[in-house]
Amino acid sequence: MERRTLITAALPYSNDRLHLGHLRSTYIPADIYYRYLRKRGEDAVFICATDEHGTPIAVRAEREGVTPKEIADRYHVLIKDDLEGVGCAFSIFSRTTHPIHYETTRAFFLKLYEKGFIYEKEVEQLKCPRCDRFLPDRYVEGTCPYCGYEGARGDSCDYCGRYLRPTELRNPRCIVCGEKPVVAKSKHWFFKLSAFQEELLKWLSGNEKLPVNVKNYALKWASEGLKDWDITRDMEWGVPIPVEGGEGKVIYVWFDAPIGYISATKVWAEQIGDKERWRKYWGKEGGARIVHFIGKDIIYHHAIFWPAMLMAEGSFGLPYTIIAGEYLTLEGRKMSKSRGWVISVADYLKLLEPDPLRYYLVMAAPLDRDADFSWEEFVRRYNDELVDILSNFIHRTLTLLTRYFNGKVPKPPHLTEKDLEVLSSIKAAVDKVAENLENFKFRDGLLEVMKLAHLGNKYLNDTAPWSAIKSSPERAAASLYVAVQIVRALADLICPFMPFSAKRLYKMLKLKGEPENTPWEAAKEKLPPEHELGEVKPLFKKLKSEEGEKIRRSLLPREEKQMAQVSLEEFYKAELRVGRIVKVKELGREHLYLVIKLGEVERSCVARIGGKYTREQLLGRQVVVVANIKPATIRGVRSEVMLLAAVHDGEVVLIVPEREVPEGSLVR
RNA sequence: AGCGGGGUGGGGAAGCCAGGUUAUCCCGCGGGGCUCAUAACCCCGAGGUCGGAGGUUCAAAUCCUCCCCCCGCUACCA
């Protein structure tokens with residue numbers, strides 16, 4: 001039976017635009033795979049959608065005074081633009097607010113409910129007395145019960161990585177108002193995840209297609225024991241619970257999001273006018289190979305939660321494999337949206353073409369390892385590899401043909417052993433690229449493509465048609481006949497990786513149709529003698545250094561570049577010490593005069609914390625000061641040391657030792 | 001502390017999971033060839049005790065143990 005594949009790319013969360021990291025970990029690999037299968041003529045569908053529920057969108061909407069749907073609408077369009085801009089050829093880019101999604105999610109939930117895999121339970125839940133509402137997971141922060149980390153969120157601890165429940169947190173606080181929540185009873189629905197532990201372990205360990213990074217990670221969690229999963233939340237934004245008593249509650253976003261893969265397939269089927277078509281992919285028997293492309297951060301959800309949900313539901317196929325892309329750093333450092341240390345897809349596309357980016361992101365490192373986006377490296381790969389090796393080979397071949405053979409493929413009199421050998425290595429290359437793509441080895445596949453271009457350059461050098469044309473035109477004809485076959489193959493081979501360039505190359509070669517719809521094996525076909533070529537133009541132009549510098553300046557985020565770095569040595573010049581406040585006097589409305597005892601000595605300090613702290617709050621407390629700061633006179637009073645405090649939105653919070661230490665202790 | 005990733009010729013990276021002939025690729029460097037092409041292309045060469053120490057093995061960059069060093073995770077976020 002013919003192979004059928006359903007490819008999904010992780011649903012982008014609809015409250016921000018995408019950056020280069022998203023592309024590298026998920027969307028470009030998925031797109032390459034889909035384009036490859038499509039060229040193979042296989043039955044493949046490429047599914048994606050925006051994920052539009054959940055607390056972050058709700059919180060943000062609240063803050064902006066709009067509805068959550070408005071936020072989701074806004075970003076759905078932008079994200080779609082980003083992805084289409086880099087060439088992602090989705091069959092459908094749907095959304096989880098689509099009516100079909102609601103319907104599918106409700107049905108999924110009900111089926112599990114009827115089968116007894118979802119049960120109701122009164123739980124003790126955190127409720128904020130000041131905000132007067134139950135607090136869904138991320139509305140609470142506190143101390144992790146496992147590792148003691150103080151900034152753990154209600155759903156998980158970022159420090160030790162464990163998944164938590166809000167009530168497990170020690171010292172919880174409401175993130176909206178900071179109030180200590182109280183425990184209150186609330187009814188919730190749980191998915192019997194624990195019931196699937198054995199089946200999951202079996203499925204995970206028996207699945208030879210799962211990459212090691214996914215498999216090991218999931219096995220570790222599954223074998224540590226799975227708890228039942230609270231899949232409802234006290235909020236309005238989301239899919240309403242389809243059973244009695246669920247008023248004011250919705251299904252948890254991580255429960256409905258993966259169902260989006262199914263619902264989006266349904267939307268697609270409807271759009272192409274073959275409403276029941278989706279069943280061919282999701283059917284348990286005779287369904288498609290379901291291939292999920294995700295980022296490494298959501299392995300847990302795709303390799304544990306999702307398969308368990310599917311096992312419980314029973315009528316859909318389980319994932320065939322899950323490809324988890326690792327992260328992309330920017331100039332060697334982790335990307336960070338809040339620090340502005342990111343390059344957004346939109347910004348990139350304003351300045352450069354998508355193909356070189358696709359090339360770079362694939363080449364930078366294998367998918368299962370972290371990669372780095374560095375401007376210098378990008379320019380190097382662009383100029384030295386794409387331009388010099390690939391584009392230049394194509395250009396010189398086509399130019400020679402234009403000059404010596406009127407832009408037509410010459411008729412080779414006879415082909416030497418060497419010519420035949422090169423022709424057969426074209427076929428071998430086509431197969432090698434395919435084999436790598438079959439195994440999700442995108443980088444290796446692209447390397448094979450480049451090897452073929454390299455071979456082309458070598459072949460041209462060895463056969464030197466430019467000099468053969470004088471001594472033996474027949475040799476020149478043979479040589480260029482062979483060389484142009486390599487170019488022809490490249491036109492198809494680069495298509496999954498660099499679809500825009502493939503298109504241009506198709507035009508230059510006057511090949512019929514579009515590269516994306518032309519069968520993969522066409523790469524092995526030969527351009528016949530007399531075939532006429534189109535207008536020859538370089539595929540990629542070199543990035544000149546001034547031009548590159550200009551792009552670099554507007555592309556790379558500025559904020560971090562301005563941040564000066566401090567060496568350890570420099571840092572140690574600052575002498576931070578613990579002292580005790582032994583005297584407090586007001587100095588106008590904003591300032592306080594303090595005397596701070598640092599061991600044997602006492603130092604004066606004028607601090608701008610008036611109105612923030614009272615005399616009583618300060619007297620006798622231990623604080624941290626910069627002991628060797630250059631003394632200054634503030635409000636007419638000499639200040640010898642500087643008091644340290646955290647500053648945020650007009651708040652001033654003193655830095656104090658976690659417990660009492662001898663005065664004068666050094667802080668390092 | 002924990003979790004994760006990494007340490008391979010001057011720079012950047014593969015290879016490591018499935019151990020095995022001269023350790024691969026791009027850049028840089030030295031020499032040569034070519035002059036069709038976007039000062040591009042091709043060939044040859046120098047340069048590596050594959051972080052360190054043990055161990056397993058006929059054989060280890062690759063497996064095991066211990067150690068050293070670097071990076072990320074404490075802030076929504078692939």
**Q** Which one, B:C42, B:G12, B:C36, comes nearest to the side chain of A:Leu400?
**A** B:C36
**Q** For A:Ser501, which of A:Leu386, A:Ile494, A:Leu390, A:Leu490 qualifies under side-chain contact (heavy atoms from CB on, under 4.5 Å)?
**A** A:Ile494
**Q** For B:G47 versus B:C29, give the span between their C1' atoms, rounded off to a whole number of Å.
**A** 9 Å
**Q** Under 4.0 Å, heavy atoms only, any strand: does A:Leu447 hit a base, just the sugar-phosphate, or nothing?
**A**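 The residue A:Leu447 makes no contact with any strand.
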**Q** From the set B:C41, B:A78, B:C26, return the single nucleotide nearest to any side-chain atom of A:Asn457.
**A**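 Taking heavy atoms from C-beta onward, the closest nucleotide is B:C41.
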**Q** Does some side-chain heavy atom of A:Val379 sit less than 4.5 Å from a side-chain heavy atom of A:Trp375?
**A**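 The answer is yes, as the side chains (C-beta and beyond) meet within the 4.5 Å cut-off.
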**Q** Can we call the ring centroids of A:Tyr360 and A:Tyr382 under 6.0 Å apart?
**A** no
**Q** Can you check whether A:His454 has a side-chain N or O nearer than 4.0 Å to OP1 or OP2 of B:C26?
**A** yes
**Q** Can you tell me how far P in B:C67 sits from the matching atom in B:U22, rounded to whole Å?
**A** 34 Å
**Q** How far, in whole Å, is B:C26 from B:U65 if one measures between their C1' atoms?
**A**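 After rounding to an integer number of Å, I get 36 Å for this pair.
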**Q** To the side chain of A:Arg403, which of B:A37, B:A78, B:C76 is closest?
**A**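 The nucleotide sitting nearest to the side chain is B:A37.
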**Q** Rounded to the nearest Å, what distance is computed from the CG atom of residue A:Leu539 to the C1' atom of nucleotide B:A40?
**A** 15 Å
**Q** How about A:Arg74 and A:Asn15: does a side-chain donor come under 3.5 Å of a side-chain acceptor?
**A**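 Judged by distance alone, the side chains do not pair up.
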**Q** Please state the P separation for the pair B:A61 and B:G7 - nearest whole angstrom.
**A** 15 Å
**Q** Tell me the interatomic distance from A:Asp297, atom CG, to B:G4, atom P, rounded to whole angstroms.
**A** 16 Å
**Q** Determine: side-chain N/O of A:Arg381 to OP1/OP2 of B:C27, distance under 4.0 Å, yes or no.
**A** no
**Q** Base, sugar-phosphate or nothing for A:Pro366? Non-hydrogen atoms, less than 4.0 Å.
**A**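 Sugar-phosphate: the residue A:Pro366, judged by heavy atoms under 4.0 Å, touches backbone atoms but no base.
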**Q** Tell me which nucleotide among B:C34, B:A37, B:C26 gets nearest to the side chain of A:Trp466.
**A**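 Between B:C34, B:A37, B:C26, the one nearest the side chain of A:Trp466 would be B:C34.
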**Q** Which ones in residues 20-29 of chain A lie close to RNA chain B, meaning a heavy atom under 4.0 Å from one of its atoms?
**A**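 Contacts with RNA chain B under 4.0 Å: A:Gly21, A:His22, A:Ser25, A:Thr26.
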**Q** Atom CD of A:Glu376 and atom C1' of B:G12: how far apart are they, to the nearest Å?
**A**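 These atoms are roughly 9 Å apart.
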**Q** Does the side chain of A:Thr50 come under 3.5 Å of the side chain of A:His76 through a donor N or O and an acceptor N or O?
**A**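 The answer is yes; a qualifying pair exists.
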**Q** Taking the P atom in each of B:G5 and B:G45, what is the distance between them to the nearest angstrom?
**A** 38 Å
**Q** Under 4.0 Å, counting only non-hydrogen atoms across every strand here, what does A:Asp16 touch: a base, just sugar-phosphate, or nothing?
**A**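 A:Asp16: no heavy atom of the nucleic acid under 4.0 Å.
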**Q** Just checking A:Leu390: base, sugar-phosphate only, or nothing, at a heavy-atom cut-off of under 4.0 Å?
**A** nothing
**Q** Round to the nearest Å and state the distance from A:Arg17 atom CZ to B:A78 atom P.
**A** 17 Å
**Q** Please confirm whether the backbone N or O of A:Leu527 pairs with a side-chain atom of A:Gln485, one donor and one acceptor, at under 3.5 Å?
**A**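 Checked: pair present.
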**Q** To the nearest Å, how far apart are A:Trp375 CH2 and B:G11 C1'?
**A** 19 Å
**Q** Is it true that the side chains of A:Tyr261 and A:His302 contain a donor and an acceptor less than 3.5 Å apart?
**A**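 The criterion, which ignores hydrogens and geometry beyond distance, is satisfied for A:His302 and A:Tyr261.
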**Q** Can you tell me if A:Lys451 touches the phosphate of B:C25, counting only side-chain N or O atoms and a distance under 4.0 Å to OP1 or OP2?
**A**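 For B:C25, OP1/OP2 do not have a side-chain N/O of A:Lys451 under 4.0 Å.
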**Q** Once you round it to whole Å, what is the distance between P of B:C77 and NZ of A:Lys296?
**A**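 Going from NZ in A:Lys296 over to P in B:C77 covers 15 Å.
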**Q** Within a reach of under 6.0 Å around CD of A:Glu331, are more than 12 heavy atoms found that belong to other residues, nucleotides or ligands?
**A** yes
**Q** Specify the separation, in whole Å, of atom CG of A:Asp372 and atom C1' of B:G12.
**A** 10 Å
**Q** Identify whether any heavy atom of A:Lys458 sits under 4.0 Å from a base atom; if not, whether one sits that close to sugar-phosphate; answer base, sugar-phosphate or nothing.
**A** sugar-phosphate
**Q** Using atom P in both nucleotides, what's the gap between B:G6 and B:C41 to the nearest angstrom?
**A**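 Per the computed distance, 32 Å lies between those P atoms.
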**Q** Reading RNA chain B from 5' onward, which residue's closest nucleotide shows up sooner: A:Asp388 or A:Ala365?
**A**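 Result of the comparison: A:Ala365.
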**Q** Just call it for A:Arg60: base, sugar-phosphate, or nothing, with non-hydrogen atoms closer than 4.0 Å on any strand.
**A**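 Answer is nothing: A:Arg60 stays at 4.0 Å or more from every strand.
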**Q** Is the closest side-chain donor-acceptor distance between A:His292 and A:Thr8 under 3.5 Å?
**A**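 Per modelled atom types, A:His292 and A:Thr8 side chains form a pair under 3.5 Å.
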**Q** Look at the side chain of A:Asp384 and decide which nucleotide, out of B:C26, B:A78, B:C36, has an atom nearest to it.
**A** B:C26
**Q** Give the nucleotide from the list B:C26, B:A37, B:C77 with an atom nearest to the side chain of A:His19.
**A**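 Closest nucleotide among those given: B:C77.
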**Q** In whole Å, measure the gap between the P atoms of B:A59 and B:G15 for me.
**A**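 Going atom to atom, P in each nucleotide, I get 26 Å.
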**Q** Would you mind reporting whether A:Trp237 and A:Ile57 have side-chain heavy atoms less than 4.5 Å apart?
**A** yes
**Q** Which nucleotide in the set B:G11, B:A78, B:A37 lies at the smallest distance from any side-chain heavy atom of A:Arg396?
**A**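 Ranking B:G11, B:A78, B:A37 by closest atom to the A:Arg396 side chain puts B:A37 first.
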**Q** When only distance counts, do a donor and an acceptor, one from the side chain of A:Asn461 and one from the base of B:C41, lie under 3.5 Å apart?
**A**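 Flag set: donor-acceptor pair detected.
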**Q** Side chains of A:Tyr27 and A:Val86, heavy atoms from C-beta outward: is any pair under 4.5 Å?
**A**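 Answer no - side chains too far apart.
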**Q** It should be established whether A:Arg369 places a side-chain nitrogen or oxygen under 4.0 Å from OP1 or OP2 of nucleotide B:A14.
**A**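 Yes, A:Arg369 has a side-chain N/O under 4.0 Å of OP1/OP2 on B:A14.
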**Q** Which nucleotide sits closest to the side chain of A:Arg443: B:G5, B:A13, B:G12?
**A**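 Selected nucleotide (nearest to the side chain): B:A13.
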**Q** If you pin A:Thr397 and A:Lys544 to their nearest nucleotides in RNA chain B, which one's is more 5'?
**A**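 Closer to the 5' end of RNA chain B: A:Thr397.
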**Q** Identify which nucleotide among B:A78, B:A40, B:C26 has an atom closest to any side-chain atom of A:Asn392, counting heavy atoms from C-beta outward.
**A**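 Closest nucleotide to the A:Asn392 side chain: B:A40.
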**Q** Is it true that the side chains of A:Glu385 and A:Tyr359 contain a donor and an acceptor less than 3.5 Å apart?
**A** yes
**Q** Give the rounded distance in Å between these two atoms: CD1 of A:Ile298 and P of B:C73.
**A**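 Checked: the CD1 to P distance equals 19 Å.
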**Q** Considering only atom P, compute the distance from B:C43 to B:C25 and round it to an integer number of Å.
**A** 10 Å
**Q** Hydrogens and angles aside, do A:Glu474 and A:Ser472 bring a side-chain donor and acceptor to less than 3.5 Å of each other?
**A** no
**Q** By the 4.0 Å heavy-atom rule, please label A:Ala10 as base, sugar-phosphate, or nothing.
**A**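 Nothing, no nucleic acid heavy atom in range.
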**Q** For RNA chain B, which consecutive runs of 3 or more Watson-Crick or G-U pairs (each distance under 3.5 Å) count as stems?
**A**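 Result, WC/G-U stems under 3.5 Å: B:2-7 with B:68-73, B:10-13 with B:24-27, B:29-33 with B:41-45, B:51-55 with B:63-67.
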